[in-house]
Each structure stands twice: as structure tokens, then as C-alpha cells.
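Some notes on the structure that comes next.
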Amino acid sequence: MVLLQSIWYYCKVYETTVKYMVLLQSIWYYFKVYGTTVKYMVLLFTEILDTSLKVSWKDPNEKNGVLTGTATRISWEEFNRTNTRVTHYLPNLTQEYRVTGLTALTTYTIQVAGMTSKGQGQLSSSTISSGVPPEMPGPPTNIAISNIGPRSVALQFKPGYDGKTSISRWQVEAQIGIIGENEEWVMVHQLPNEPDARSLEVLELNPYTSYRFRMRQVNIVGTSPPSQPSRKIQTLQAPPDISPYNVTLRTASETSLWLRWVPLPEWEYNGDQELVGYRVQYSRAASKEGVLSHVISDRLEREFTIEDLEEWTEYEVRVQAINGMGSGPWSQPVQGRTRESVPSCGPTNVSAFATTSSSILVRWGEVPQADRNGLILGYKVISTRSTWTQYCCVGTVLLTHVPPSVSTVPGPPVGILFPEVRTGSVRLIWQPPAQPNGIILAYQITHRRNTSNSNAATVDVLSPSARQYTASGLKPESVYVFRLTAQTRKGWGEAAEALVVTTEKRARPQPASRPTVPQEDVQARSVMLSWEPGSDGLSPVRYYTVQYRELPDSNWTVHSASVNHEASSYIVDSLKPFTSYQFRVKATNDIGDSEYSQESEAVTTLQDAPDKAPTILSVTPHTTTSVLVRWEPPAEKQINGVLLGFRVRYRELQYDHLRSFTIRTINSPASNWAELTAPYSVRNLSESSLTQYELDNLSKHKRYEIRLSVYNAMGEGPTSTPQEVFVGEAAMLNYLKLDVTWSPPPLDSQNGDIQGYKIYFWEFQLQNETERLRTMFLPELGVKIKNLTGYTTYMISVAAFNAAGDGPRSPPTRGRTQQAAPSRPSFLHFSELTTTSVNMSWGEPGQANGIIEGYRLVYEPCTPVDGVSKIVTVDVKGSTPLWMKIKDLADGVTYNFRIRAKTLTYGPEMEANITTGPGEGAPGPPGEPFISRYGTALTLHWTSGDPGRAPITCYVIEARPSDEGLWDILIKDIPKEVTSYTLNLDMLREGVTYDFRVIGVNDYGYGSPSAPSPSISAQKVSPFYEEWWFLVVIALVGLIFILLLVFILIIRGQSKKYTKKADSGSHSNSTSLPLSHGEMVRLDEGRFPALELNNRRLSVKNSFCRKNGIYTRSPPRPSPGSLHYSDEDVSTKYNDLIPAENSSLTEKPSEISDSQGSDSEYEVDQNRGGQQKTHSFVNHYISDPTYYNSWRRQQKGVSRPPAYGYTQPDQGGLIQGLAPQCQGTLFRPKGSRTPTPSLLSCSVSEPPSQHGTLLYSSRPPSSLGCSSTQQPPTAGFSSFV
């Protein structure tokens, strides 16, 4: 049974063939169900008295069947007295029994055994003394070891104290491999029911392994303490017990196979690890002969390439492990086939028969089996005189449209020239036809004048060897036509004609015109030249020569030197696509060559499909579902245009299907190779600079064929030679190794014969923790250190050793492994799980093995959602961030998430599943939220829902655009006490309508969301003062205010005008003397005429004014708009100017008669004039109808010129006319043409005269003074004209 268990475990660990595992499982099950034995039971003794005791036990761990009705047998006897045995059979449910009738202080042996229908099981036996309770045993002593073998040792020992009962079991514990006080002890052996044992054999040990043993003894009370440990021993070496596993064989090339296996673990070496290696044996699968083998001495090696094999041959390979003691078992044989290659030879028995002048029938046999090197898919037939190609799958083909190969009429003779031309004779030379199509029998020459009838021609027949002919008797200065034909047995052939002029004035031809190339005649590999011929020099042109050169630096090359003499255009072919050329032409006649024409303009041919395929450098497995393809693009001149990208073609190879191919004939010569093979999958690579590509999403454990091509704007070029690769095993070993080479020490320092080298290597700056050793024996001077960490710097040092020991180490050399696939991400974590979204985060790989370029995340539902299983792939560029929010999930669906990191390639995946929606114990949905809006803020209100199994810790608000349907968390960590939240519209996209919902959160996670809120737009509401209507209202109010202000100003302006006029009249009436009809007040303002006010209506005619000389010119009229009045200012200032009682105004003399005055006049009392203190504009003019009428009731048609006069008052009169306290003057404010009163300060020493004239200075106040010499002129004008 133990053996079967061991075999079963071996099969599980090392993946032995399934059929053996099933067989062993069946055998094991049979023994378990129908076995004849049951394992021993553990006996316990209690209630031990002088004449009785109680025995109890447990059912066996493995019954190996169904216990019968009397399933337990118990017996007891006095020690070593079998005749006293008593036996009882107990029901199967009984697990204790009281033994009675014992003799006090007597030792008894008690046995218990289980029973099945197949018989009695193993006995459980123990000895006990009646009346003496048993005790815990003591440990064994004096442990000794002998008979050390590869898998067993013998232990001798002295039993310890037995505890007043027999020892039921001996236990052996051991420390394995690593020996120390604190190391673990493992049970390695048990010996039951041998109480008198003094030695035992420990089996099933590991060869070449260190052990240290100790023992325990067990009785019915318990297990003793352990004994003192034995000495440390090491088991002997032995051949390996197992073979390498996971042996795979893959095709490497046409002549090699790639073998891989998993090396033995260290505990399976069974010997010195430096002597462990592997032996590879291979032979043809169908033949037992020619078995070859190869020994690999590196114990860590896991691959080997078998070279020098036959093409397209199946081989059988197996591997075994070896060490210093011998070889282990062979692995199960694996088979593999080398790749196809081109056939080693062509078909046999090839024959060809001409059926017509343009067809040949070709027949052939099969290719010999040994030379096929693969599956023959077809044949290619190529004719020798053309590049005609045809594919077929049969041994007979009819080639049609082949250039004539059977004799027919010959072609025209070529190279006709007239080297000698005279006025009466010419000499003609020629060459045989380019296509004689048989044997030339004769030549026929016919010549005649070009203007005569063909019947008048002269005909001569020449021998086939003739190459020249002289014609005589010709007329001078005439044009003749010569016609030359050749004859075979099929008849006369095609004729060649030539013209000649019988003259001696011949010359070389003139150059042709500059060749032109119309754009519509430019093709990818040809162009059409056109030119105009020059003068032939009285000697007809025999042919043209066309040359071309490739720009920019190529030399001129002759394309054709036999262009027809009658041609004025020519197609230049065999050019390179997408290349610039220039062309030139020259003519040749019988005299010689003309000069070359001018070079044509540069012409660039069109693009064409590429001529060559890329060269695939390598195709290596990258991951279990991808390969890395590296290539070298074709040369630029072979791309024939602008390279746009590459196309990768790949297909899964199934050789078993190919063996049953169907034969079919392809009649079209243009049929390509793809029509004869299985279809390819195609991937377009649009980056023209690529030199490698990872071809992914392939099937595991499949073989693929890969081809590569380039394409431009005109099409795709040919495909490359196919490359085969096996997908399913990531071949990163090349990136995890270092090649180390060294030279031997100098001879004078070797100090003996060098036996080998020790290579020490460790990670940079981690020598103590990571240093390892490799030993190499002569003649090795190099080693490949494998199983290293990717993209890691290592230090390597080498030391030579001889029989005396190790030499000094070499200085450390630094090396770094290449980038490799990273390890899986360190963790995968999910947070913020809702019904439709989750926040996923992950950790960096534990071993980056390079520069992390990004991550690839793939997630999909474990079961289809609505009948659809959508797989989503997301590539995260860069090493950060290490999280992603997934939002397009369905509620209540379990999703599978996979993520892997990428350096040079992708590493293994980290995988996890998660189910969306609230978990058990999460909060229930809050109440449906509603929204209130104020300005640019929204306030969301809700009510609390079911808190779940734990109090709510916070709330979360989710939002979504109403037209998208993807919810996303907007606000997190809202305090649990809050049932409303205000958010600013700046957080949302303006103009978008949103829905909101609320989710409660507790210690169990996110709960169910509330119902969505009513949709609301995120459009901001402008304040009323920014609305258009408010601006319009403000504009209208402003306009109304401006209009009112203008109206008020106009009214006030009119009022001031009247006030100023009234003040002037009132002041004149307040003087001591009344004015006569002709008297007036003159207001002088310097350069401006004074304002003159009449005290009555004026009816003075223009003639009177002119007759009396009152004025000589019309004074300027002041503008009413420039007059500014103020009732208060005018009244106050004019009241200050009222003179004293003795002051008076001098009356101006007037010649106006009474008859010329007005009908009414107003007189002022002199006594009242000095008493009037104040007056107003309105009172003055309303109380005086004279002034009112003089202003408002003027007669139409009457001219009323203002009085204009000048008086020269004496000095004294001026001074006397002013009172000493009088301070007054008139000045004109800025912008006003009307003088206004102002204060004037002056001191006078003389009394005023009784008749003084009051004059007001027009100067500004700052310039006024009391100078006695100042005599300003006095002028006046009426403002009422």
C-alpha cells in the first residue's frame, strides 16, 4: 500500500501519462475498498484495579471495507502464557470493554483487532500489570548508526523506562539536509508492536543527503521525550531516481530540432551536483538504427538543439539524467519533424515535344522520395528562351504562346548599310536575320528608283554566304529603294527596305531635336520618347541610338542602337520604378553619326510594387500566445516607391491535413503561390521604420508559419521565405544568461597543470547575499551562465585551480542581462465598488526584469450579459499610474480581471474576480434626492435609508450625463450626519443635463444607490444685471434723463438771459438822473462793444442813424446760446454798483425829436432811484411795459440799429463819477461774450464830479487798476436787432 501511494504521488508531481495514473488509481481504490486488513488501533487503559481494567480504542483510520456485525475482536492472556487467552467478539459500534477476572499484580497482554468480511486486520497489542497504573515512558538512549546506504540506515538503541507497561511503538525523527539546534525535526520512520526491539532499519531516505536522528518510545499513556540526537551522517550516492519531465521537441530549422525539459530539482541529484548532467538520445522515428546521443554536463541546462538532421524527417528523442553513480530512467519519447526545405533535385525523365510553332508539350516524372524534403505542392516549368513560368501539380503541361521554336519563314536581314555611294553605283552590306527560323538558303535583292513602278525593279538572287552587293548603272542624283529578303526551306521571309541617293555630296546627319516625354507616356518601368529628325545630309538615316542616364550621378548608357530609321518616337523599357532619368538621341547614316541631341528634361518613372521581400532575421516565442518577429527591410531601390509599411502573414500549420492534399491544375501563368496553399491571416503594419513586431493572440501549443512583405502606394511586393515557430513556450532564456569567456593564466604563473576554472558571479553590490559558483573543467574557456535575473548587473570573477588548490580570482568584470518579461504584478486590489463601477489598483512587479513600459488590463464577464460576452482590453502606457476606474460594468455580474506588465514583452498575468453591486451587510438605498438651485450652485437633498449591518460612515454622490448612462463618483466622503450637499456648477460641464444619485457607505462597503434625481441642466443662470432686458431698461432710463437734463438746461438758459437783461435795465434806472429817449448805458469791455439797452421802444430809422453818425459799421451780434445768466449774481453785483446820492449819469446828447420817439415813455423818479436796493428780472420787466414792448413787440420791417457812440470824458469827471467806496466792474467769464459785473477795488482822493460818465473796463479782473491814464474806448450795440 505504501508503495502504491508513493507511485501515485510521483505520477501527480511529475505528470506521468494519464493512462498510467488511471490504472494506479484503480488499483489503489481496490485495495481501499476490498483490502483484507485494517490498520492497528490505539489502545487506552483506564480504571486499572487489581482484578479488572477498562480498555478503549478508536476505529481504524482506514477500514478498507465494511466492518462486519462482529467487527472487533478482543483477547487477553497472561504474559507469555497463551493457554490463558480469553477472546471476545464485539459489535462494530463498541469502542470500549471492561476486562474482569484478572489476578492482582499480574502482567497481561491485551490484543484488539478490527475485522471485515475479508478477514481480521492488524492487531493492536499492549501489556499491562493489573493493579499497577502505567506511567509516561522515558526516552531511548545510546543511539548508534550503522549500515549507511543510499536510501537506508540501521539504528541501534537502548530502550528507556517503559512506564510499567509495554512499548507499543518506536518513533524515529530526523533533521534532513540542514542540521542545527533550531532546525525542524521530521518523523521519518515508525516501528509498531515491537516492544522488545533494540534496533531498527530506517528506509526511504534520500541519497547523498545529510541526516541526524533521534528517537521516541510510545506506550499506552503517551509518547516519551526525544532522545539525544545522533551524530550527523550522509547517505551514499545513487543514480537519479527520476527523469527530466515536461520534455518537448520543436522544429528549429530544416536540419535541426529544439529540445527542452525541466531540470531535476537539487534533492533529486542523488550525488555530487557538479557531476550531474543529461544524456539526449535521438533517432529516426521509423527506424531503430542510427541511434545517436549527446551528453550535456550542465545540471542547470534545460534545452538543446539537435543539429545535422535530415530535412522533413520525423525523429524520436528522449532524455535521462546522469550523475557520478550512473544514469537515471529515460523520459517518455517525444517526436518531432524537421522543417520542409526545397527539393534536393528536380523531377526525373523530363521530355519536351514541339506540337506547333508556338507550343511545346513537356512531360516529367516524380521527384525521388529522399530528395523531396517536404510535401510536393506543385511544379514550376520555365522555358529557356523566355521568362515564361507556369505552376502545375501534374507531370504534363502544354506551353502555349511560346516564341516560335519550329522552323518557319525567316525574319528580315538586319544592319543594312551603303558604305560606298557614287553617282552611278552603290555598294550594299547587311547581316543575317536575327530570327532565321531555319537554315538560310539564299538572299534576294531588289532595287528600283523610288518614283518608278515596282515592276521595273531589278532582282538578283545571292548565295546564303553573301554579305554585300554592288548595284551599277544607276542614274545620278536619284533616290533608289533596295529590298532584301532571306530564304529558308519554308520560303522567302520578311523583307528589309532601305533608301539611298546616288550622289557624292553626302554628309553626316544633323542632331535630332530635344527629346520630349509626355507625362501620360510615363510608366513605372518605361517611358515613350518623341523627337523630330534633323537633316539626313543627303544620306538616309539608317537607325537611331537612344541613351539614358539615371540621375543624379550615373553615366550615359546605351539602351538601343537599332531604333528604326523611320521612327520619331521610341519606348525605353527596363527602367527602374520611381527613378529620375534623362535621355538623348543620335542618328546614324551611311556617312556616320550625328551629334547627340540635347538632353531631355528629367523624367521620374512612376511607383511600382516592391521587387523584394524583407529578410526575416528571427522568429522567437515571447509569451505563451505571442512571438517576436525581427526583420531587415529591403534596400530602398528595391522598394520602387515610398515604403508605406509591412504585412505579416501567418497561419497555423497542420501537417496531417497537408498530407491529404488535392491535386489540381493551374492553367494561368499569373497564378501566385497563395492559390496553392492554405489562406493566411494578415496584419498590416503602417509604420515604415519598424524592424520588429510582436505577433500576439496566437493559439497555445500550435505551430505557425510566418511570412513578411512590404507594400507601397502601388501594391505589395513578394513575400519572404516562410519561417516556422512553435507557440506556447515563452523563450526568455536567452535574455537571462551571460556568456563568459576567459584566457588561461600565463604559463610562468600556472604552477602546475590547470585542471579547471571556478566562475564566481553575484549581483552588483550584493555579493554576500547572491554570490554563486560554477566549476568548469578543461578544456573549457567559456561558459554560459543561465537562470539569471533579467536586466540586472552582475559581477563575474574567474579563478583557475590545479591539484594544489584554487588560484587567485581575476578582477571582477561587469555584465548585465537583457530585458526579459517581468513577473506578475505584486497585488490586485478593488475599491469603491458600486453597481456599475469599480476602482482597480495594482502593484508593481516584484521583478521588473527591465524598464516597465506599461500594463495591459483585460476584463470580461464570467457569464454573458444579455447574451453578449464582451472582452475589453486597455493598455496603460508608462509605469504610472497604478490604478484605473472601470465604469461600464453591469449590476450583479461577476467579472474576471487580468493584468500584466510589459517590458520588452508582456509578463504573466495577475488575475482576480469581483462581483458588482452592494455586498452583504452594505447600506440600503437612500431616499430619492431632489435638487434646489440658487445662482451657480445646486443643493442635493436626500433622506437616510437602511444603514445595513453597520452604521453609515459617509455618503457618496454619483452623477452622469443624461444622454450617456455611465455613472461616476462626483463627491466622496460626505459626513454621515449630512443629508444635503451643495455643489458648484463649475464642477460640471456647462450646458449638459445631469442625473444624480446618492450611495451610503459603511464598513461592509458601498450600498445600493438611490433612485436618480430629476434631470437638471448645468447651464449657469446669469444675474439680473447681466440680462439683456436690464441693459435695455438702463439705456432707456439714461436716455430719458439726458433729455430731461437738456430740457432743464434750455429752460434755465432762457431764464438767465432774461434776468441779465432785466438787471441791466434796472441798474440804469436806479441812477440819480433819468435818461432821455436817446440816452443809454454803455458797457465797455475793451475789445468788445458794450451792450446798449434803450429805455423805450426804438423807432429810429436807418436814415437817421446814418445822418447823425451814430455808427459807421454794424457791430457783431452776440450768440444767445453763449449768454449765461444768474439772477442772484446779477442782482447782487448790480446792487453794489448803485451810486451815492450825489452821483449821477451824464446824459448823452441826442438829436432825436419828440415826433421820432415812441408813444409812451417811462420816467424814473430821481429820489426813488437811490433808495431801491433790490430788484429782480421778472419784477423789473413786468412792471415796465416799455421794456416789455420794446423786446416783444417790434414792428416788422423796421431796422433798429444799436446806438453806437464814443465820448471822451475828462479825467476828473471819471474819478468823480465813482464813489470812494464803490467797487464794481464788469468782466467776461470764459466762454461768454456778454460782460458780467465784477468787483473792483480802487482808492480816490478827489470828490466825484456832478456830471461824470460811468465807464466799465473790459479787462480781466487781474489786470484792472486805478491808473489815471487809462482811457478805454466806449462802444455799444443793441442785442435786440
Side-chain angles (χ1 to χ4, degrees), residues 15 17 243-263 278-286 292-294 296 298 300-320 330-341 373-375 616-630 648-659 678 694-708 720-737 784 786-787 820-821 905:
E15 300 179 3
T17 310
S243 63
Y245 58 97
N246 269 4
V247 180
T248 57
L249 187 63
R250 307 289 179 248
T251 300
S253 68
E254 294 86 350
T255 59
S256 62
L257 294 172
W258 183 36
L259 180 68
R260 296 189 65 197
W261 64 88
V262 176
Y278 303 95
R279 180 179 287 115
V280 178
Q281 188 181 84
Y282 56 97
S283 63
R284 292 196 178 201
L292 300 175
S293 64
H294 183 84
I296 302 168
D298 187 358
L300 299 177
E301 188 61 79
R302 60 180 65 206
E303 62 180 8
F304 177 68
T305 302
I306 307 174
E307 304 282 355
D308 301 327
L309 304 179
E310 298 291 334
E311 298 92 340
W312 191 242
T313 303
E314 192 166 2
Y315 286 86
E316 184 177 274
V317 184
R318 55 183 183 170
V319 187
Q320 68 177 176
W330 288 104
S331 66
Q332 291 295 324
V334 293
Q335 293 184 346
R337 182 184 291 273
T338 54
R339 187 177 300 165
E340 287 184 287
S341 181
N373 299 335
L375 298 175
I616 298 180
L617 302 177
S618 63
V619 180
T620 56
H622 238 198
T623 67
T624 57
T625 59
S626 67
V627 296
L628 183 65
V629 184
R630 292 187 176 92
V648 181
R649 285 179 164 80
Y650 61 98
R651 63 174 177 176
E652 181 183 338
L653 291 180
Q654 298 177 345
Y655 289 120
D656 293 337
H657 294 177
L658 290 177
R659 291 190 180 96
E694 183 181 3
L695 185 61
D696 54 2
N697 295 328
L698 305 178
S699 300
K700 290 184 179 181
H701 309 299
K702 299 292 183 180
R703 183 174 297 280
Y704 282 85
E705 181 181 85
I706 298 174
R707 292 172 179 259
L708 197 63
S720 63
T721 303
Q723 298 289 328
E724 290 186 16
V725 64
F726 183 84
V727 178
E729 298 171 349
M732 301 306 298
L733 298 177
N734 292 332
Y735 303 104
L736 305 180
K737 70 179 182 180
K784 292 182 179 180
K786 300 182 180 181
N787 300 323
T905 183

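Since this is a predicted model, take the numbers as computed values, not measurements. Quick note: residue numbers are just sequence positions, from 1.
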Rounded to the nearest 0.5 Å, what separates atom OG1 in Thr251 from atom CG in Leu309?
10.0 Å
Quick one: pull up CG in Leu292 and CD in Gln281 and give me the separation to the nearest 0.5 Å.
9.0 Å
Would a 4.5 Å heavy-atom cut-off, applied to side chains only, mark [X] and [Y] as touching?
X	Y	result
Arg707	Pro722	yes
Thr625	Lys700	yes
Val648	Ile706	yes
Leu628	Val619	no
Pro621	Val725	yes

With side-chain contact (heavy atoms from CB on, under 4.5 Å) as the criterion, how do Val247 and Leu259 come out once you've worked through the C-alpha distance, each side chain's angles and the decisive distance to 0.1 Å?
CA-CA 7 Å; Val247 180; Leu259 180 68; 3.7 Å; yes
Contacts of type ring-ring contact (aromatic ring centres under 6.0 Å, His included), residue Tyr704, not counting sequence neighbours:
none
Heavy-atom pair of closest approach, residues Ala285 and Gln335:
CB-NE2, 3.9 Å
Non-hydrogen atoms of Ser293 and Tyr282 that approach each other most closely:
N-CE2, 4.4 Å
Cation-pi check, Arg339 to Trp312: give yes when NZ or CZ is under 6.0 Å from the six-membered ring centre and within 45° of the ring axis, no otherwise.
no
Within 45° cone and under 6.0 Å: Arg703 NZ/CZ vs Phe726 ring:
no
With sequence neighbours excluded, what pairs up with Arg318 under the salt bridge (charged side-chain N to carboxylate O under 4.0 Å, His left out) test?
none
For Val319, is there any backbone N or O sitting under 3.5 Å from a side-chain donor or acceptor partner on Ser331?
yes
Only counting residues at least two apart or in another chain, list the ones meeting side-chain contact (heavy atoms from CB on, under 4.5 Å) with [X].
X	result
Glu310	Arg284, Thr313, Tyr315
Glu301	Trp261, Ile296, Asp298, Glu303, Lys786
Glu311	Glu254, Thr255, Ser341, Asn373

Which residues pass the side-chain hydrogen bond (donor to acceptor under 3.5 Å, both in side chains) test with Ser253, not counting sequence neighbours?
Ser256
Is there a donor in the side chain of Glu694 and an acceptor in the side chain of Ser626, or the other way round, less than 3.5 Å apart?
yes
